[in-house]
2 protein chains.
Amino acid sequence: MARKAEKPASAVSLTAVVVAVTDEVPRVLVARRMRHDLATPAQQGATAMPGDSPDTLPYGPFDPARHRTLELGLRDWVAEQTGLELPYVEQLYTFGNQYRDPRELMGEPRLVSVAYLVLTHETPVSGSGEAHWHEIYNFLPWEDWRAGRPAVIDALIRPGLARWVDAARSPAAKARRRERVAISFGVDSAGPADVVRTLDRYELLYEAGLVLEALRDRRQMARATGGKEPRQSRKTVETAAGIGAPMALDNRRILAAALGRMRGKLAYRPVVFELLPPDFTLLQLQRVVEALTGTRLHKQNFRRTIRNAELVEPVGRFETAARGRPAELFRFRRDVLTERPAVGVGLPAMRAAE
Amino acid sequence: MARKAEKPASAVSLTAVVVAVTDEVPRVLVARRMRHDLATPAQQGATAMPGDSPDTLPYGPFDPARHRTLELGLRDWVAEQTGLELPYVEQLYTFGNQYRDPRELMGEPRLVSVAYLVLTHETPVSGSGEAHWHEIYNFLPWEDWRAGRPAVIDALIRPGLARWVDAARSPAAKARRRERVAISFGVDSAGPADVVRTLDRYELLYEAGLVLEALRDRRQMARATGGKEPRQSRKTVETAAGIGAPMALDNRRILAAALGRMRGKLAYRPVVFELLPPDFTLLQLQRVVEALTGTRLHKQNFRRTIRNAELVEPVGRFETAARGRPAELFRFRRDVLTERPAVGVGLPAMRAAE
DNA sequence: CATTGATATGCTCTCAGTGAGCATAATTAT
DNA sequence: ATAATTATGCTCACTGAGAGCATATCAATG
């Protein structure tokens, strides 16, 4: 069994999704890059064209000689590239898809990428990399329902997915596609579907050719195999620009996975507090939760839930210089970790949508 | 930045945790590596001695030339070694710890291992590997609370952890250790702590030197660095046999992670049905859930929950040849997947333990 | 055939959590 | 002062879950 690999045909790299939330805007740390090394400045929004220099998540190779564990390796990379030192770090997923990296097509070892989620505060970036904070929902605009149903859904996603369903070869395949759409985006567009299903949604859009990376990868694959252009190219002309800002490699898939993981964790782990300053008002806390889940919450009930859970304790001071009545400042109660098995802030729409 | 690795110093392997539940007994597929010992009699716990041939999870190298994705590679390995073809597969975690593999100490590339969870039915194993089904709770005896608090907890774990806490160098370190114990195993031993925290518990036992792998790794590390024997070795004499049956490499850590993942998923995804035959009684369903969570559930309430959630529909037939009143047979309603965002069977003890 | 034992199934009562909304308090802007 | 704005307290209704009682339906046993 387990015959040994003659020569290691894959290399391990570490990729970080560094997240912060400031003023209700969740952001991720990215660096522009042309090729392997070059970086370009500037940011524009959701209209990048193929050939553009795509945004890249900070990453680096895993060097076993230097780092005892994967996580320590990642912490090192993040510190070096961003100056961040002691944030919350959690492994997300390991990606090893074919055609992930163009270099691989030239005979280099497959890049298996271990992705990590890093939660921190938005600080001026200091490290070696030309990193910048970008709004997460620029990359995943269909995930933000705080101002109602995102426009892209009716404008591009629903019709695009409908075409994709119709394009299925067999009736069985069509049914399967329809089911996947229903599961990921919901049947009616009344509310957000399961807010945690971010990865399903991105992968669906990818398969349906509605994000730029899909077209890019198909083109690349066609070129590599010397074959013809992918045949969907004609059908998806109108959305050729792709929905949301693209990223390099499979970085957007990783970002989608990270967002889903964060949302899921909110419900049963007090991870929000990693994103907040030590002292905060209950509304600030609520805004961060809303920013991450992409939904609005009932204010009074949110407060009640937090207080009942004894997640926070009053600092004794009050917010200064606000418009209305000053809000009391709270801090996270570390003790809850030892008191209760599962504590979180509760996700919206987790009950039956009836 | 991102300087390229001169030569890939790590290789990627795929490890499978193949789980099935038969007659209330959750089992995992393992292969004995060096020698062929007989299966240990049930439920003992602290029996294996160092030098034993350890159980190994099925694994194989990831070969990018052969497999398009990591998951496809794993499916191939599982099929080849066990004959299983189309089970439920889900990525668990990627492990890259130092001293994971002794070969690495001889200059071979670090083995980064991507672990997968595979759910299936217990079938006679057919593949190339000498695989066998082993009871999961033989490896993790402290996780099965169905017959009340496991004996190992009072006998070995509590005192062992207490010694570990006391052995902390500084008062601060002591407090941290105490907190970790409280979080993982709970403060009182009244009920099972968070049933999902299996990985925390294993890692705690590992760090405290209460599982055989910890002693083995320390010894190996000492030998490799030419150093002296680890200094905890005297303090942990009485538990030198280690709690639970050991496994090769970090396989037991992987198993613990798999169990936790399964338990967590039960609550919000209908994964149990992957482990059940197409038609089943509600009691069978309950028994599988109990087997996985390691707890007992209230029968009537469990039935009510399942029916209210419309997770199942009656087949129209009844169980034959049982002792009492025949139970109605049900099947999983696939439609729920498109109807509700999050459906599961509910975990016990997820509310405040007061 | 009646009885016992075992299992399946139905029902009630209670309580905690939560969704929704009304009401009041404390501040700043005009 | 008055309006606007934000924070905070409270009620009411509904749902799901925990616990237990009661009944139904079978096999085995005398």
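Remember, predicted model here, so these are calculated numbers, not experimental data. Residue numbering restarts at 1 for every chain, and letters A, B, ... go by the order of the sequence lines.
With respect to the salt-bridge test (charged N to carboxylate O, under 4.0 angstrom), the residues B:Glu24 and B:Arg287 qualify. Between B:Arg331 and B:Glu313 there is a salt bridge, with a side-chain nitrogen of the basic residue lying less than 4.0 Å from a carboxylate oxygen of the acidic one.
The distance from atom CD of A:Glu319 to atom P of D:dT6 is 11 Å, rounded to the nearest whole Å. A:Asn301 has its CG atom 18 Å from the P atom of C:dA16, to the nearest Å. One can place CD of A:Glu328 at 13 Å from C1' of D:dG9, the figure rounded to the nearest angstrom. With rounding to whole Å, A:Asn308 atom CG is found 13 Å from D:dC10 atom C1'. Distance B:Arg304 CZ to D:dG16 P: 10 Å, rounded to the nearest Å. Distance B:Arg296 CZ to D:dA19 C1': 18 Å, rounded to the nearest Å. For the pair A:Leu282 CG and D:dG9 P, the interatomic distance rounds to 9 Å; values are reported in whole Å. Computed from coordinates, the A:Leu329 CG to D:dT8 C1' distance equals 15 Å when rounded to whole Å.
Summary of helix geometry: the two end axes of the helix from C:dC1-D:dG30 to C:dT30-D:dA1, each defined by five base pairs via their C1' atoms, are inclined to each other by 10° (rounded to 10°).
Within 3.5 Å, no donor on the side chain of B:Arg307 pairs with an acceptor on the base of C:dG10, nor the reverse.
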* Structure fact -> In 5'-to-3' order, the base (B), backbone-only (S) or no-contact (-) status of each nucleotide in nucleotides 21-30 of chain D, using a 4.0 angstrom heavy-atom cut-off, is B--BBBS---
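Checked against salt bridge (charged side-chain N to carboxylate O under 4.0 Å, His left out), A:Arg307 has no partners two or more places apart in sequence or in another chain. Residues forming a side-chain hydrogen bond (donor to acceptor under 3.5 Å, both in side chains) with B:Gln284 (at least two apart in sequence, or on another chain): none. Under the side-chain hydrogen bond (donor to acceptor under 3.5 Å, both in side chains) criterion, B:Thr22 pairs with B:Glu122, sequence neighbours left out. For A:Glu274, there are no salt bridge (charged side-chain N to carboxylate O under 4.0 Å, His left out) partners, not counting sequence neighbours. In this view, B:Glu179 and A:Arg334 satisfy the side-chain hydrogen bond (donor to acceptor under 3.5 Å, both in side chains) rule, not counting sequence neighbours. Residues passing the side-chain hydrogen bond (donor to acceptor under 3.5 Å, both in side chains) test with A:Tyr202: none are found, sequence neighbours excluded.
Residue-level contact check: A:Leu283 touches the backbone only, with heavy atoms under 4.0 Å from sugar-phosphate atoms and none from bases.
Listed by first and then second residue, the salt bridge (charged side-chain N to carboxylate O under 4.0 Å, His left out) pairs involving residues 314-329 of chain A are A:Asp279-A:Arg317 (not counting sequence neighbours).
Taking only side-chain nitrogens and oxygens, B:Lys299 comes nearer than 4.0 Å to OP1 or OP2 of C:dA8.
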